[in-house]
There are 2 protein chains.
Amino acid sequence: MIRILIADDHHLLLDGLSQALGRIPDFEVAGAAATVEALRTLAPDILPDVLLVDIEMPDGSGLSALRDLGAGHRAVIMTMHADDEHRNRARAVGARAFLSKATPLPDVAATIRAVHAGESLIDADDPDAILDRYREPSLGPDADSLTAREREILALLARGISGTADIADELYISHKTVKNHLASIYEKLRISDRTQAAVEAIRLGLGPS
Amino acid sequence: MIRILIADDHHLLLDGLSQALGRIPDFEVAGAAATVEALRTLAPDILPDVLLVDIEMPDGSGLSALRDLGAGHRAVIMTMHADDEHRNRARAVGARAFLSKATPLPDVAATIRAVHAGESLIDADDPDAILDRYREPSLGPDADSLTAREREILALLARGISGTADIADELYISHKTVKNHLASIYEKLRISDRTQAAVEAIRLGLGPS
DNA sequence: GTCACCATGGGTCGGGCGACCTATTGGCGT
DNA sequence: ACGCCAATAGGTCGCCCGACCCATGGTGAC
């Protein structure tokens, strides 16, 4: 679970990005700041794993706040003005990555994972090559031991196909087999019934859409 | 269900906002355009109920696209430069509302609902008064008949509290009462067990966070 | 004041569900 | 060739769940 603090004065982006990143199973948005002031206050308090900060904010620059926070942070800078001037200033305050606001969401997620893992993308020769290594759909840590069939059943639960017979019909297998798969799902996710399984399935991103 | 088309060249905002609005039960993001070109192509195709468009895009102005699309659309303009100059130009192409990108998400949602209902906020005397009328937490149409207690139980289900006894303990009531509430939930939402109820609860926005 | 509705609590009954166990088949790695 | 594991299927058992009844008190509408 990567704990993130987002700072951006545009609420539209701040709120949207918070929800979008929060939906990704291995991310947790630990805080959101709309001002540099809030960033300075929140960061030492919640100690996020990765900072995602905008440069331009009405009450100052996100970069100055980063400098003051010291070298202990792992920060991703995002800005509308993705030029070398800004990039150099970001590098100077110890930022690990530098993104334009035109970057697609999956790339941002991969960047955050890379920075969390200790990579520095801001002066990398081939940033895309690094990003590709962190691009996994990344279900939660609990989910990696699930088999394909088990995920399939979880996906059905997340769609509201809850009866054993309904699941069996959907997959063209015996209802006994469905119950076997469910039992191993319960064990792996440390839960005890299909309602909790449906909740977990949705949380893990196995739901529709 | 309000069908929305979003246009913004900043993918970070486009992706984040799409997911955030899509999570709101009465909204459906029918399309997302990162260019004016895409906006022109998509709008006549998917015929959204409300357009949410940025002014500044690299291949032109969102306003000119709106003008070309004719008067049949209901559009909300969002921009970083929320000055009178831009507001007047937005009004001139028939936009119904004009928002800064610093607007918080709930206000954006309320604005979209207002515009969908036929309101025009761009030259309203007291826009906040109008917004307040569209600010309902707005659960889905199925959910409006649910009582407070029923929603409380749905919220517990969405958190994975699935056993009748667990729910009863949480609410300090008899397990019989829990089953009665569940029965009326099943009837109102036209479902038949608590797993489907948990899925619906999450879809309706009753989940955690 | 009456009526509708909600929250509360209770009872019965049948079927579905979860826990536990065994077993066969097929693929994959070494 | 051997072992491991996923996927398949079957069985039993006890309990929980959902369907269908009923009753009471409180609250708000008209």
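Atoms considered below: every heavy atom in the structure, side chains included; atoms not considered: hydrogens, waters and symmetry mates. Within every chain, numbering begins at 1; the chains are lettered A, B, ... in the order of the sequence lines, protein sequences first and strands thereafter.
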* Any salt bridge between A:D9 and B:K101, counting N to O under 4.0 Å? -> no
* Starting at atom CD1 of A:I167, determine the distance to atom P of D:dA7, rounded to an integer number of angstrom. => 15 Å
* Asked: Side chains of B:S162 and A:T195: donor-acceptor distance under 3.5 Å anywhere?
  -> no
* **Side-chain N,O (B:Y186) to OP1/OP2 (D:dG18) below 4.0 Å** => yes
Where do N or O atoms of nucleotides 26-30 of chain D meet protein N or O atoms at under 3.5 Å, pair by pair?
none

* Asked: Taking C-beta and beyond as the side chain, do A:E119 and A:Y134 meet within less than 4.5 Å on heavy atoms?
  -> yes
* Answer yes or no: is there an ion pair linking A:R194 with B:D193, defined by an N-O contact shorter than 4.0 Å? => no
* Side-chain touch A:L5/A:L47, heavy atoms, less than 4.5 angstrom -> no
* May I have the distance from A:I153 (atom CD1) to C:dC17 (atom C1'), rounded to whole angstrom? => 14 Å
* **B:M78 side chain reached by B:L13 side chain, heavy atoms, under 4.5 Å** => yes
* To the nearest angstrom, how far is A:K179 atom NZ from D:dA7 atom P? -> 19 Å
Dump every N/O contact between nucleotides 3-8 of chain C and the protein below 3.5 Å, one line per pair.
residue	atom	partner	partner atom	Å
C:dA7	OP1	B:T147	OG1	3.1
C:dA7	OP1	B:R149	N	3.3
C:dA7	OP2	B:T147	OG1	2.8
C:dT8	OP1	B:R149	NE	3.3
C:dT8	OP1	B:R149	NH2	2.8
C:dT8	OP2	B:R149	NE	3.0
C:dT8	OP2	B:H181	NE2	2.9

* Asked: Is it true that atom CD of B:E28 has more than 12 heavy atoms of other residues, nucleotides or ligands lying nearer than 6.0 Å?
  -> yes
* Going through the checks in order, is the side-chain contact (heavy atoms from CB on, under 4.5 Å) test met by A:L121 and A:F98? -> CA-CA 7 Å; A:L121 295 163; A:F98 183 81; over 6 Å; no
* Salt bridge flag under 4.0 Å for residues B:E150 and B:K188 -> yes
* Could you state the atom-to-atom distance from CD1 of A:I161 to P of C:dC17 in whole Å? => 13 Å
* **Atom-pair distance (CD1 on A:I191; P on C:dC17), nearest Å** => 15 Å
* Run the salt-bridge test on A:R203 and A:E200 with the 4.0 Å N-O cut-off and return the result as yes or no. => yes
* Rounded to whole angstroms, how far apart are CG on A:L182 and C1' on C:dG16? -> 12 Å
* Structure fact -> Angle separating the five-pair end axes of the helix from C:dG1-D:dC30 to C:dT30-D:dA1, nearest 10°, is 60°
* A:E187 CD - C:dC20 P separation (whole Å) -> 9 Å
* Closer than 4.0 Å, any side-chain N/O of B:S192 to the OP1 or OP2 of D:dG18? -> no
* Given C:dG10, D:dG10, C:dG18, which nucleotide is nearest the side-chain atoms of A:K176? -> D:dG10
* Asked: When you check the gap from the basic side-chain N to the acidic O, do A:D26 and A:R113 get nearer than 4.0 Å?
  -> yes
